[in-house]
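Working notes for the structure below.
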Amino acid sequence: MSDPASFSLPHVAKLHAYTPGLQPGESGWLKLNTNENPYPPSPRVAEALLREIGSDGASLRLYPNPTSAPLRAALAKHHGLKPENVFVGNGSDDVLNLLVRCFCAPTAAAGFTWPSYSLYPVLVEIQDGRAAMIEFDRTMRLPLEKIAASHTKAFFLTSPNAPTGVGFANAGIEKILASFHGILVVDEAYAPFAGENAVPLLARYPRLVVVRTFSKSHALAGIRVGYALAHPDIIGLLDRVKDSYNVSRLSQAAALAALGDTSYYDAIIGRIKATRDACVAEFSTQRGWFTYPSQANFIFTEPCDARGGTGPNVAKALYDFLFARKILVRHFPSHALTASFLRISVGTDDEMLVLSKALDEWQKQKPTPA
Ligand SMILES: *Cc1c(COP(=O)(O)O)cnc(C)c1O
């Protein structure tokens with residue numbers, strides 16, 4: 001009777017919130033757990049933020065541009081599209097949430113592959129929506145027939161996928177679009193680190209939505225800007241359901257400045273890809289660990305202990321070993337396809353050397369009892 005939460009809707013009462021990676025409060029950690037960029041954003045970002053604030057912050061009295069119109073125009077130009085093809089959100093999580101709001105309900109299912117970005121099932125639960133979870137097998141190849149047979153209104157495909165780093169070629173995405181008849185959302189949070197992306201398909205497929213973010217490739221996870229590229233009619237739906245002022249003045253200014261400095265971002269993205277490829281080679285060739293080819297800024301690898309053993313306990317033992325040395329990585333113990341792996345974000349070369357030395361030390365240790 002006195003429990004105020006008892007008034008909530010039943011689906012809200014049983015909600016499981018998304019579990020973000022650890023953000024330690026104190027310094028001294030090597031953070032390889034949330035796929036943040038190890039390099040700072042373009043220096044133009046801080047300049048733009050200071051300019052936006054001005055000497056006294058007076059501009060902050062005023063609401064931001066409600067549609068982020070200048071940023072939409074700049075993004076359209078950047079991708080060779082029209083402003084009507086662009087929607088800007090408070091991080092791509094906001095964009096994904098709004099897409100679920102448009103296409104998912106108790107009577108309308110949304111689908112996604114599994115394992116993948118674990119926010120999707122949470123967003124579906126918030127809508128009290130029906131979910132169709134399509135399982136990968138260990139090959140991580142696209143389960144094309146199962147996606148077509150899901151008969152969902154909207155299907156969320158992460159490419160490159162998280163937490164595996166495996167990218168899907170446009171040929172595969174076109175096969176989905178040929179056999180699946182709902183809205184296909186390709187979450188391209190990591191596409192700037194990949195060889196191919198689905199943006200060129202937008203002109204031919206009005207049911208395709210590409211979602212991007214400034215968080216990873218543009219080193220702006222703290223500023224919260226993401227966006228969708230799609231047919232103007234889909235952008236129109238998102239505009240109907242969004243918050244009136246969903247992206248702050250500072251966020252819009254920061255993203256615009258970042259977008260203007262392509263040579264800076266080409267350089268740091270190139271460096272991350274080189275570090276990634278060297279680390280994948282080290283894990284697979286030198287250490288002999290099964291490691292998926294990565295098209296992202298993280299590596300998904302199955303560690304072997306000194307006895308050559310693998311499995312959830314081995315992965316957990318290495319996670320704990322690294323944690324004790326203040327190195328944070330990510331372990332996903334709840335699914336059979338992920339439990340014996342660790343996801344390691346790509347840091348700087350120096351950071352990866354610190355990790356490498358710790359891994360050498362661990363491999364020399366007595367194996368943990370099974
Ligand atoms: C990090 C990530 C996001 C979230 O990006 P934000 O723009 O920071 O909200 C979305 N999708 C995937 C697959 C991600 O890994």
Side-chain angles (χ1 to χ4, degrees), residues 17-23 31-38 41 45 68 71 75 86-101 110-124 126 133 136 140 154-168 173 184-194 197-198 209-229 238 242-243 246-248 250-252 254-255 258-259 265 269 272 276 292 294-300 328-330 332 335 338 343-346:
Y18 174 75
T19 322
L22 278 179
Q23 295 287 357
K31 263 193 100 280
L32 303 175
N33 68 329
T34 44
N35 302 341
E36 288 141 331
N37 199 307
V45 169
S68 311
L71 182 53
L75 285 164
V86 186
F87 176 85
V88 178
N90 177 32
S92 62
D93 286 353
D94 177 38
V95 177
L96 295 167
N97 185 29
L98 296 175
L99 285 164
V100 172
R101 192 180 288 175
F112 41 86
T113 52
W114 203 253
S116 187
Y117 186 34
S118 55
L119 180 70
Y120 309 138
V122 177
L123 297 178
V124 171
I126 291 170
M133 212 186 249
F136 281 109
M140 297 295 164
F155 198 92
F156 291 78
L157 179 73
T158 316
S159 182
N161 196 16
T164 61
V166 175
F168 303 111
I173 289 168
L184 179 65
V185 179
V186 182
D187 182 348
E188 290 197 335
Y190 302 101
F193 305 103
N197 67 72
V209 183
V210 173
V211 178
R212 291 283 186 98
T213 176
F214 282 83
S215 294
K216 278 72 179 232
S217 57
H218 286 67
L220 288 174
I223 211 84
R224 313 304 306 132
V225 178
Y227 57 99
L229 305 171
L238 293 170
K242 78 178 188 70
D243 286 352
N246 63 335
V247 183
S248 80
L250 298 181
S251 302
Q252 292 185 37
L259 203 60
Y265 283 104
I269 290 167
I272 290 167
R276 171 195 72 197
Y292 286 103
S294 174
Q295 297 267 303
N297 66 339
F298 56 84
I299 296 166
F300 203 52
L328 271 179
V329 298
R330 199 90 194 258
F332 300 95
H335 192 285
T338 60
R343 192 194 70 188
I344 302 171
S345 307
V346 175

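Numbering of ligands and ligand atoms starts at 1, following listing order.
- A donor-acceptor distance shorter than 3.5 angstrom exists from the side chain of Asn161 to the backbone of Pro115, with no hydrogens or angles considered.
- Residue contacts with ligand 1 for Ser92 involve both N, CA, C or O and side-chain atoms from C-beta outward (heavy atoms, distance under 4.0 Å).
- At distances below 3.5 Å, not a single donor-acceptor pair connects side-chain atoms of Arg330 with backbone N or O atoms of Thr34.
- Looking at Ser215 next to ligand 1, an N or O pair under 3.5 Å apart turns up.
- Here is the list of ligand 1 atoms found below 4.0 Å of a heavy atom in Gly91: 7 (O), 9 (O).
- Ring geometry, Phe168 versus Phe136: the interplanar angle falls under 30°, so the pair is classed parallel (tilted spans 30 to 60°).
- Protein heavy atom nearest atom 14 (C) of ligand 1, with residue, atom name and distance: Lys216 NZ, 3.0 Å.
- Judged by distance alone, the side chain of Gln252 and the main-chain N or O of Leu71 form no donor-acceptor pair under 3.5 Å.
- When only interatomic distances are considered, the shortest N/O to N/O separation between Tyr117 and ligand 1 does not fall below 3.5 Å.
- The distance from ligand 1 to the heavy atoms of Thr158 drops below 4.0 Å at these ligand atoms: 13 (C).
- Rounded to the nearest 0.5 angstrom, His218 NE2 and Ile269 CD1 are separated by 5.5 Å.
- Counting protein heavy atoms only, atom 9 (O) of ligand 1 is closest to Arg224 NH2, 2.7 Å.
- Ala110 and Phe156 make their closest contact through CB-CE1, 4.3 Å (heavy atoms, listed as atom of the first residue, atom of the second, distance).
- Protein heavy atom in closest approach to atom 11 (N) of ligand 1: Asp187 OD2, 2.7 Å.
- If you look at Asp93 next to ligand 1, the close heavy atoms, those under 4.0 Å, come from the backbone and the side chain alike.
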Exercise. Under the side chain to side chain contact (heavy atoms under 4.5 Å, CB included) rule, what do Tyr265 and Phe214 come out as? Steps first, then yes or no, please.
Key: CA-CA 11 Å; Tyr265 283 104; Phe214 282 83; over 6 Å; no

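- Distances from ligand 1 to the non-hydrogen atoms of Tyr190 include at least one value under 4.0 Å.
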